[in-house]
Amino acid sequence: MVAVPDITLNNGVTIPQLGFGVYQVPPKETAAAVRTALDIGYRHIDTAEMYRNEAEVGRAIHESGIDPAEIFVTSKLNNGFHAYDAALSAFEDTMTRLGLPRLDLFLIHWPLPTVSDYTETWRALEKLYQDGRVRAIGVSNFQIAHLRKLHAETEIPPAVNQIELHPYLTQEPLRAFDEEHGIATEAWSPIAQGAVLSDPTVIEMASRYDRTAAQVVLRWHIQLGNIVFPKSVTPARVKENFEIFDFELTDADVSLISGLNKDARTGPDPDTFDYLAT
Ligand code: NAD
C-alpha cells in the first residue's frame, strides 16, 4: 500500500493529506462507512456537530481495534454556538459523543460575519488549545477579510482553513493568502459532489492516465498541496479515492484542470451565509 503523505501544520502537528469525509452520511450508515475507510487505510476522518454522526464516528474508531491516537479526527463547532461559553460547552459535547480524550483539529464551521463575532468564538478555541484539549485549531469557510481580522485581533493563527475548492472553484487568491500566512488549505467538496466528474477535460485526462475521473481530480488537489477528504458510502469508490499516490499528473495537466475554474460554488457564500435565515 502506498503511504498517504502528511502535511505539517504551523504548530508542528501532522495531518494525513487524504482523509474520509462524512457529511450527509446518515448516522445509521456512518459506523460501517468509517470502518470501511479505516480498513482500506484511511487514518483521517472529517466530521462535524452539524453532521449528527460524531457518535457513530467515535464508535467506528473504538470498534476498529486501531489505536485511536493513530487516527486524525477533525470536528467543527456548529453555527448556534459562537458565544464564548457556548463554544466551550459545545466542544465538550462533541468530545463526549466521539468518546476521545483529545481532538486533533477543531474548526469554526462558518464565520457568520452578519450574525456574530467570530473573534469571540476564536478566543474559545484558543482556550481549548492552550488547555491541551485539542492539538490544533482552525477555521472553515473563512474569506481573506475574516482571516485578516483574526490575525489583527487574536493571538493564535489558525492552522487550517477548510473551504469549498474544486476544479470549478479553484480559489486562487484565498489559497495564496493561506499559504503566505502558514495556513494549510483543506478542500471541501473536492469533486464538487460529483459535478466535475462529467467534465470533458477530466474525462479525457482520465482515459489518458488510465484512471477514473475522481482519481484525476483528487490527484490534482494532492499536487496543489490541498488536504482532501472525499465522501462516499460505496466501498469500491472509497477504495478508488484512496488509490491516488501511485501516479502523477504533468504540470501541464495540473494547469489544464486549474483552467476549468468558473468561480462556481455548490454551497453558500461565506460572506452572506446566515444559518438563521435558511
Ligand atoms: P465530495 O466532493 O466529496 O462528493 C461526494 C459525492 O461524490 C457523493 O455523492 C459520492 O457518492 C460521490 N463520489 C465520491 N467518490 C466518488 C467516485 N470515486 N466516483 C464517483 N462518485 C463519487 O463532496 P462532499 O461530501 O460535500 O465533501 C467532502 C467532505 O468535505 C464532506 O464529507 C465533509 O467532511 C466536508 N465538507 C465540509 C463543509 C464545510 O462547510 N466545512 C461543507 C461540505 C463538505
Side-chain angles (χ1 to χ4, degrees), residues 15-27 29-30 33-34 36-37 40 42 44-54 56-57 72-79 94 104-112 118 137-143 146 158 160-171 174 178 184-199 202-203 206 209 211-222 226-244 257 264-271 273-275 278:
I15 178 171
Q17 195 178 2
L18 174 70
F20 182 66
V22 293
Y23 174 49
Q24 290 176 328
V25 180
E29 294 175 37
T30 302
V34 172
T36 298
I40 288 167
Y42 290 80
H44 166 188
I45 311 294
D46 184 89
T47 184
E49 199 270 350
M50 194 188 287
Y51 306 164
R52 298 280 181 259
N53 54 21
E54 291 172 310
E56 290 75 15
V57 168
F72 192 102
V73 179
T74 300
S75 194
K76 314 183 193 87
L77 181 76
N78 207 346
N79 296 325
T94 278
D104 294 298
L105 178 62
F106 196 47
L107 309 179
I108 300 179
H109 207 142
W110 287 88
L112 308 176
Y118 49 78
I137 51 175
V139 294
S140 179
N141 299 301
F142 273 46
Q143 306 274 53
H146 310 142
V160 316
N161 187 17
Q162 181 178 127
I163 54 174
E164 183 179 352
L165 203 175
H166 45 70
Y168 292 160
L169 180 69
T170 54
Q171 301 261 30
L174 186 47
D178 284 351
T185 298
E186 296 192 330
W188 66 252
S189 292
I191 55 174
Q193 299 203 329
V196 297
L197 303 183
S198 51
D199 187 282
V202 172
I203 289 174
Y209 284 89
R211 294 287 168 154
T212 67
Q215 286 174 322
V216 162
V217 173
L218 293 171
R219 182 68 211 178
W220 169 80
H221 281 285
I222 295 296
N226 301 332
I227 298 163
V228 278
F229 23 81
K231 169 251 160 182
S232 172
V233 291
T234 309
R237 286 176 173 176
V238 180
K239 187 165 181 292
E240 172 187 324
N241 295 345
F242 194 75
E243 292 170 344
I244 55 170
I257 298 184
R265 290 186 185 278
T266 63
D269 182 338
D271 284 320
F273 176 53
D274 171 359
Y275 72 103
T278 55

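Each residue takes its place number in the sequence, starting with 1. Counting starts at 1 for both ligands and their atoms, in listed order.
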For ligand 1, list all ligand N or O to protein N or O distances below 3.5 Å, rounded to 0.1 Å.
unit_1, atom_1, unit_2, atom_2, d
ligand 1, 2 (O), P190, N, 3.3
ligand 1, 2 (O), I191, N, 3.0
ligand 1, 2 (O), A192, N, 3.4
ligand 1, 2 (O), Q193, N, 3.1
ligand 1, 3 (O), K231, N, 3.1
ligand 1, 11 (O), R237, NH1, 3.4
ligand 1, 15 (N), N241, ND2, 3.0
ligand 1, 18 (N), E240, OE2, 3.0
ligand 1, 18 (N), N241, OD1, 2.8
ligand 1, 26 (O), S189, OG, 2.8
ligand 1, 26 (O), Q193, NE2, 2.8
ligand 1, 27 (O), S189, N, 3.1
ligand 1, 32 (O), V22, N, 3.3
ligand 1, 32 (O), Y23, N, 3.0
ligand 1, 34 (O), D46, O, 3.4
ligand 1, 34 (O), D46, OD2, 2.7
ligand 1, 36 (N), Y51, OH, 3.4
ligand 1, 40 (O), H109, NE2, 3.4
ligand 1, 40 (O), N141, ND2, 3.0
ligand 1, 40 (O), W188, NE1, 3.4
ligand 1, 41 (N), S140, OG, 2.8
ligand 1, 41 (N), Q162, OE1, 2.9

For the residue pair T94 and E49, confirm or rule out a side-chain donor-acceptor distance under 3.5 Å. no
Are any non-hydrogen side-chain atoms of P167 and W220 less than 4.5 angstrom apart? yes
For W188, the option from V228, L165, T266 that meets side chain to side chain contact (heavy atoms under 4.5 Å, CB included): T266
Can a donor-acceptor pair be found, under 3.5 Å and without considering hydrogens, that links the side chain of E240 to the backbone of Q215? no
May I ask you to check whether D46 and Q162 show a side-chain donor-acceptor distance below 3.5 Å? yes
Distance-only, no hydrogens or angles: does the E54 side chain make a donor-acceptor pair with backbone N or O of T47 under 3.5 Å? no
